[in-house]
Amino acid sequence: MAPPSSFLWSRRVFLTLLTGFVLIPVYVMVSSSLKPLADVTGEFRWLPSGLTIRPYIDIWSTVPLAKYFVNSLIVSVAATVCSVVVAVFAAYAVSRYTFRGKRVFTVTVLSTQMFPGILFLLPLFLLYVNIGNATGIALFGSRGGLILTYLTFSLPFSIWMLIGYFDSVPRDLDEAALVDGCGPLGALFRVVVPAAIPGIVAVAVYAFMTAWGEVLFASVMTNDTTRTLAVGLQGYSTLNDVYWNQIMAASLVVSVPVVAGFLLLQRYLVAGLTAGAVK
C-alpha cells in the first residue's frame, strides 16, 4: 500500500530543510576560505565578488600547520592502533571466557563513560607531572602522554562495543578452528577477527575521530613542539587580527582525512555499529 501524498510531501520538505541546514554552513566555510580577508570581515555576501586560493597557501606559513598535522596524525594513529589491539584482546576474553570478576570488569568499563572528560584533566595533569619528576619519563608535553590520555576515554567504549560484536559471532566458528588445530590465539586471528572486521573498523574510526578533533586535553597536555591541529588552529587569531579566511581554509584541510576515511569505511562503520549495538 502506497503512503499518502501528504506524507510524501512532508518527507520531501523535511529532507530539503535538513539538507539546507547541513550544507549552508559548509557553503559559508568554502566561500569564506576563497575570499580575501577584507571581504570576509566586511558585509557578508552569498556570492563572492572575487575568488582566490591565497588563503590555502598562507595557512602553512601563518602557523606551522604542517608540524601540527604530523603531531595529530601520529597521536591519532597511535591511539587508534592501541585502542583496537587492546580492545580486541579484552573483548574476546570477556566474550568467550568465564572468569572471576568478569561482571565487575564490564560494569567498570561501562561506568567510565558516565563521567565527563574534564573530570580527569587535573588528576592526569598532576599524575604526569609527578611521574616525570620521579622517573624522568616526560609524559606531560609529549606525544606519548597525549596518546595515553586518549586511551583513557576511547578504550572503554571500544572494549564495550567489541564485546557486543564478538557475542554476535557464533561460537561454533571458534570450536571449528580449535578442532582444526588452532589455539585460542589462532582462533581469534584466523576466524573471529575476520568475521568481526565491521566492528573493528567502527571502533577504529571512533578512536581516530575522537583523537583527531579533541581540544580540551590537547590544549593542556601539549606544548609548542607537540601541539595538535585542534589547538593549533587558534594561532590564526592574533592580538591584532583574526584571519577568518585562513581559519576556514585550515578547517577544511584538516577535515579531509576524517571525511575521506569516513566515506571509504562507511559501509563497515554502519554494519559495525548496528551489529555491536544488539547482543
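Fair warning: this is a prediction, and the values are worked out from it, not measured in the lab.
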Q) Can you find a heavy atom in the side chain of Cys82 that is under 4.5 Å from one in the side chain of Tyr150? A) no

Q.
Just checking Phe69 against Trp212, ring centres under 6.0 Å apart?
A. yes

(Q) Minimum heavy-atom separation for Ser83 and Leu155, please, with both atom names. (A) O-CD1, 3.6 Å

Q.
Evaluate Tyr165 against Ile200 for side chain to side chain contact (heavy atoms under 4.5 Å, CB included), listing each step before the verdict.
A. CA-CA 9 Å; Tyr165 200 92; Ile200 295 174; over 6 Å; no

Q.
Under a 3.5 Å distance rule, please check whether Thr152 uses its side chain to pair with a backbone N or O of Thr149 as donor and acceptor.
A. yes

Q) Should Phe21 and Val13 be regarded as members of a common hydrophobic cluster, given that ILVMFWY residues are connected when their side-chain heavy atoms come within less than 4.5 Å of each other, either directly or indirectly? A) no

Q: Considering non-hydrogen atoms only, spot the tightest contact between Gly199 and Met161 and give its length.
A: O-CE, 4.5 Å

Q | Test item: Val109 and Val94 side chains (from C-beta on) under 4.5 Å apart, heavy atoms | A | no

Q) When the aromatic ring centroids of Tyr128 and Phe125 are compared, is their separation below 6.0 Å? A) no

Q.
I'd like to know if the side chain of Arg45 reaches the main chain of Asp39, judged simply by a donor and an acceptor atom lying under 3.5 Å from each other, with no hydrogens or angles considered.
A. no

Q. Is the backbone N or O of Tyr97 less than 3.5 Å from a side-chain atom of Lys102, with the two atoms forming a donor-acceptor pair by type?
A. yes

Q. CG of Asn245 to OG1 of Thr52: how many Å apart, nearest 0.5 Å?
A. 8.5 Å

Q: Begin with the C-alpha distance, continue with both residues' side-chain angles, and end with the deciding distance and a verdict on side chain to side chain contact (heavy atoms under 4.5 Å, CB included) for Leu185 and Phe89.
A: CA-CA 9 Å; Leu185 291 179; Phe89 285 106; 3.8 Å; yes

Q) Has the side chain of Ser32 got a donor or acceptor atom that lies under 3.5 Å from a matching backbone atom of Met29? A) no

Q: Evaluate whether atom CD1 of Ile53 has more than 12 neighbouring non-hydrogen atoms of other residues, nucleotides or ligands under 6.0 angstrom away.
A: no

Q) How far apart are the closest heavy atoms of Thr226 and Ser142, and which atoms are they? A) CG2-CA, 4.0 Å

Q) Between atom CE of Met209 and atom OG1 of Thr80, what is the distance when rounded to the nearest 0.5 Å? A) 11.0 Å

Q: Considering non-hydrogen atoms only, spot the tightest contact between Arg96 and Pro170 and give its length.
A: NH2-O, 3.9 Å

Q. Relative to each other, are the rings of Trp46 and Tyr27 parallel, tilted or perpendicular (30° and 60° limits)?
A. parallel

Q.
For the CG atom of Leu65 and the CG atom of Leu229, what is their distance to the nearest 0.5 Å?
A. 5.5 Å

(Q) With heavy-atom distances below 4.5 Å as the criterion, would you say the side chains of Leu173 and Val192 are in contact? (A) no

**Q.** Atom CZ of Arg12: over 12 foreign heavy atoms under 6.0 Å
**A.** yes

Q: Kindly give the heavy-atom pair with the smallest separation between Gln246 and Ile59, and that separation in Å.
A: O-CG2, 3.4 Å

(Q) How long is the straight-line distance from CZ of Phe140 back to CG of Leu126, given to the nearest 0.5 Å? (A) 10.5 Å

Q: Check whether the ring centres of Phe217 and Phe153 lie less than 6.0 Å apart, and answer yes or no.
A: yes

Q. Does the side chain of Leu233 reach to within under 4.5 Å of the side chain of Ile247, using non-hydrogen atoms?
A. no

Q.
Within the supplied structure, the quantity of interest is the number of heavy atoms (other residues, nucleotides, ligands) at a distance under 6.0 Å from Arg171 CZ; does it exceed 12?
A. yes

Q: State the OG-CH2 distance between Ser33 and Trp244, to the nearest 0.5 angstrom.
A: 14.0 Å

(Q) Could you tell me if Asn71 and Arg143 have a donor-acceptor pair between their side chains, going purely by distance under 3.5 Å? (A) yes

Q.
Are the side chains of Trp60 and Val253 in contact, using a 4.5 Å heavy-atom criterion?
A. yes

Q: Verify the cluster assignment for Ile24 and Phe14: are they in a single hydrophobic cluster under the rule of side-chain heavy atoms below 4.5 Å apart?
A: no

Q) Counting only N and O atoms by type, is there a donor-acceptor contact under 3.5 Å from the side chain of Thr135 to the main-chain atoms of Gly132? A) no

Q) In terms of heavy-atom contacts, does CD1 of Ile118 have more than 12 from other residues, nucleotides or ligands at under 6.0 Å? A) no

(Q) If you compare all heavy atoms of Ala218 against all heavy atoms of Leu146, which two are closest, and at what distance to 0.1 Å? (A) CA-CD1, 4.0 Å

Q) Hey, any chance Val81 and Val203 share a hydrophobic cluster, counting ILVMFWY side chains that come within less than 4.5 Å of each other, even indirectly? A) yes

Q) Are Phe166 and Phe157 joined in one hydrophobic group, where the rule is that I, L, V, M, F, W and Y side chains link up if heavy atoms are under 4.5 Å apart? A) yes

(Q) Walk me through whether Leu37 and Asp241 qualify under side chain to side chain contact (heavy atoms under 4.5 Å, CB included). (A) CA-CA 10 Å; Leu37 182 60; Asp241 208 345; 3.5 Å; yes

**Q.** Pairwise distance CG(Leu124) to CD1(Ile131) - rounded to 0.5 angstrom
**A.** 9.5 Å

Q: Please confirm whether the backbone N or O of Tyr92 pairs with a side-chain atom of Ser95, one donor and one acceptor, at under 3.5 Å?
A: no

(Q) Starting from Val231, can I reach Tyr236 by hopping between I/L/V/M/F/W/Y residues whose side chains sit under 4.5 Å apart? (A) no

